[in-house]
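A note on names: the letters A, B, ... follow the listed sequences, proteins ahead of strands, and every chain is numbered from 1.
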2 protein chains.
Amino acid sequence: MQMHSTALRESPSRKTKPRIAVVPDAPVAGLFNLMGAPLAFGRNEEVYGEGEPAEYLYTVVSGCVRTSKILNDGRRQIGAFYMPGDIFGLEAGNEHSFSAEALAPTTVRIIKRAALASRAVCDSATASQLLALTAVELQRTQARVLLLIKSAQERVAGFLMEMASRNAASEIELPMSRQDIADYLGLTIETVSRTLTHFENICAIALPTSRRIVLRNRSALARLNA
Amino acid sequence: MQMHSTALRESPSRKTKPRIAVVPDAPVAGLFNLMGAPLAFGRNEEVYGEGEPAEYLYTVVSGCVRTSKILNDGRRQIGAFYMPGDIFGLEAGNEHSFSAEALAPTTVRIIKRAALASRAVCDSATASQLLALTAVELQRTQARVLLLIKSAQERVAGFLMEMASRNAASEIELPMSRQDIADYLGLTIETVSRTLTHFENICAIALPTSRRIVLRNRSALARLNA
DNA sequence: CGCGACGTTGAGAGGTTTCAACGGATGTGG
DNA sequence: CCACATCCGTTGAAACCTCTCAACGTCGCG
């Protein structure tokens, strides 16, 4: 059994107290007119836990959320990263198969699943939006599978491209730690770090800060991504 | 770039001519009352191709289907294996992102997506079945991600458990080649082969034939699966 | 200043791939 | 019916990649 990852290095902190966020509406599906008031979470604060009943759907207003799961051997698997406008909390069953934590100070808005479900029964627009949401999630997960069968370089390059595609800009501010990236890509923190400095050495990227990445040569990255 | 996989070793054959299958209804969602007459495909015959418009949904009546995709570097990625009762052809967009081929002589039944979509607008039962179908697909893909971050042994063990869970019996007849398994798990054919013989050596399985696998010690496999 | 969380770098061990050869099963043609 | 070609699966040895263990550097903060 190879492939080490974090075993709960994160200390769940509840330092940040909930506050009301003043942020323009993110580009979410129309059904989120039904959303309640914004909720705020501090860094590493848990939005919901694995195994809890999945009562709500969430949309990120500001900040960033990761979903994760601890395997029985202690390794951690990241489900996904959600940026402003993204919706998470969707589940096939009635309870969450991942837990969700805020990567940074984050505000989300919630909607009751039950309300959505009952609405979907008569309102086909709501139903099709739910379907579309699930389909998008499926597509992302399939893209992830495509990454995971590749080499470390390709995985990291693919990850950078994915992050860049959300920002449009060529400079990315990563909200997650190296450990998060490693657990997301099924690599170790050291391999991620080494790969990034390798990319810097071949001038594909620049690393002004460890959390800030400038894409110098996108086509080179795309080539590495194969 | 590590990790070699097949580059189109299969020769698409159209030897088998379509015939009518006489098989009891598989345990599929109720909406498949709308299904057309059974269609038959021969070994390695293509059901649909990547990039083609996704006009139909399919359900496997007998046989087995794999979905696959050729990456631009020639490697092949298997999307999934579909057994009798399974439904495939679901797509987020309007065209297939994978191609589908019969692994063995196979019969499927089809339904027009457009018909389903228009029906879903007024019939919320149909809509929720579609949603459930997509959710199941999502869950399977997430399970796949969980496998892919693990070691070769764990992947193969997990694959065997997955196959066994569909058969209930402790003896599995694999419809797919070693290469298919390798491409599904992101490993090489040699690693898959070696891992299987290793499992045989530790008496976790028996291999009467290369395609036939007897599970001798499920808990040992589950442990390897971690 | 010193501590702790985070990130980088190095060296060695281990796992998986690569390249190669072999054996068995299947199907075809003589 | 047998010889042969082909496909599929297995096995071996060496190269390569990633992990593991360890040390060091940086940053923010009490």
Side-chain angles (χ1 to χ4, degrees), chain A residues 1-13 15 43-44 73-75 103-104 147-157 174-183 185-201 205-213 224 226, chain B residues 1-13 15 42-44 73-75 103-104 147-157 174-183 185-201 205 207-213 224 226:
Chain A
M1 176 189 328
Q2 210 165 270
M3 208 160 278
H4 163 273
S5 62
T6 0
L8 300 162
R9 277 190 213 169
E10 328 277 339
S11 52
S13 65
K15 297 169 196 170
R43 185 179 148 78
N44 286 329
D73 63 352
R75 284 178 296 186
L103 278 171
L147 263 194
L148 290 179
I149 64 168
K150 300 188 191 172
S151 70
Q153 275 203 16
E154 293 171 306
R155 290 188 219 186
V156 175
L174 294 179
M176 72 288 284
S177 70
R178 293 287 188 271
Q179 187 66 60
D180 288 328
I181 300 175
D183 290 347
L185 297 177
L187 298 171
T188 58
I189 186 177
E190 294 95 334
T191 300
V192 171
S193 184
R194 273 188 257 266
T195 306
L196 284 175
T197 60
H198 172 66
F199 286 169
E200 191 177 25
N201 288 338
I205 64 171
L207 285 162
T209 309
S210 67
R211 295 288 183 105
R212 180 169 292 280
I213 296 186
L224 286 170
Chain B
M1 177 190 333
Q2 210 164 272
M3 207 161 278
H4 163 276
S5 63
T6 1
L8 298 162
R9 277 189 211 168
E10 329 276 337
S11 52
S13 65
K15 296 167 193 169
R43 186 178 146 78
N44 286 329
D73 62 354
R75 283 178 297 186
L103 278 172
L147 264 194
L148 290 179
I149 65 167
K150 299 187 190 171
S151 70
Q153 275 203 15
E154 294 171 305
R155 291 188 221 186
V156 175
L174 295 178
M176 71 289 285
S177 70
R178 293 286 186 273
Q179 186 67 60
D180 287 329
I181 300 174
D183 290 347
L185 296 177
L187 297 171
T188 59
I189 186 177
E190 292 95 334
T191 300
V192 171
S193 184
R194 273 187 257 266
T195 305
L196 285 175
T197 59
H198 172 65
F199 287 168
E200 192 176 24
N201 289 338
I205 63 171
L207 286 162
T209 309
S210 65
R211 294 288 183 106
R212 181 170 291 278
I213 296 185
L224 286 170

With hydrogens left out and only the distance checked, is there a donor-acceptor pair under 3.5 Å joining B:Gln179's side chain and the base of D:dC7?
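No.
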Report yes or no: is there a donor-acceptor pair, N or O only, under 3.5 Å between the side chain of A:Gln153 and the base of D:dC17?
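Check fails, no donor-acceptor contact within cut-off.
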[atom1] of [X] versus [atom2] of [N]: gap in Å, rounded?
X: B:Arg75; N: C:dT18; atom1: CZ; atom2: P; result: 9 Å
X: A:Met176; N: C:dG7; atom1: CE; atom2: P; result: 11 Å
X: B:Arg212; N: D:dC8; atom1: CZ; atom2: P; result: 19 Å

Sidechain-backbone polar pair: B:Thr195 side chain, B:Thr191 backbone, donor-acceptor under 3.5 Å:
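Such a contact is found between B:Thr195 side chain and B:Thr191 backbone.
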Give a yes or no answer on whether the side chain of A:Arg178 reaches the backbone of A:Glu190 with a donor-acceptor pair at less than 3.5 Å.
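No: the side chain of A:Arg178 does not pair with the backbone of A:Glu190.
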Measure from the side-chain heavy atoms of [X] and tell me the nearest of [options].
X: B:Ser193; options: D:dT10, C:dT16, D:dC19; answer: D:dT10
X: B:Ser151; options: C:dA20, C:dT8, C:dT16; answer: C:dT16
X: A:Arg211; options: C:dT16, C:dG7, D:dT20; answer: C:dG7
X: A:Arg194; options: D:dT10, C:dT17, D:dC19; answer: D:dC19
X: A:Ala152; options: D:dT18, D:dT10, C:dT8; answer: D:dT18
X: A:Ser177; options: C:dG7, C:dT18, D:dG9; answer: C:dG7

OP1, OP2 of C:dT9 versus side-chain N and O of A:Thr197: anything below 4.0 Å?
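True: A:Thr197 side-chain N/O within range (under 4.0 Å) of C:dT9 OP1/OP2.
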Contact under 4.0 Å: A:Thr188 side-chain N or O vs D:dT18 OP1/OP2
no
How long is the gap from CD on A:Gln179 to CG on A:Leu187, to the nearest 0.5 Å?
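Interatomic distance, A:Gln179 CD to A:Leu187 CG, rounded to 0.5 Å: 11.0 Å.
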For B:Thr191, which contact category applies under a 4.0 Å heavy-atom criterion: base, sugar-phosphate, or nothing?
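Base, at least one base heavy atom under 4.0 Å.
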Verify salt bridge (Lys or Arg N to Asp or Glu O under 4.0 Å) between B:Arg75 and A:Glu154, making sure each step is shown before the conclusion.
CA-CA 13 Å; B:Arg75 283 178 297 186; A:Glu154 293 171 306; 2.9 Å; yes
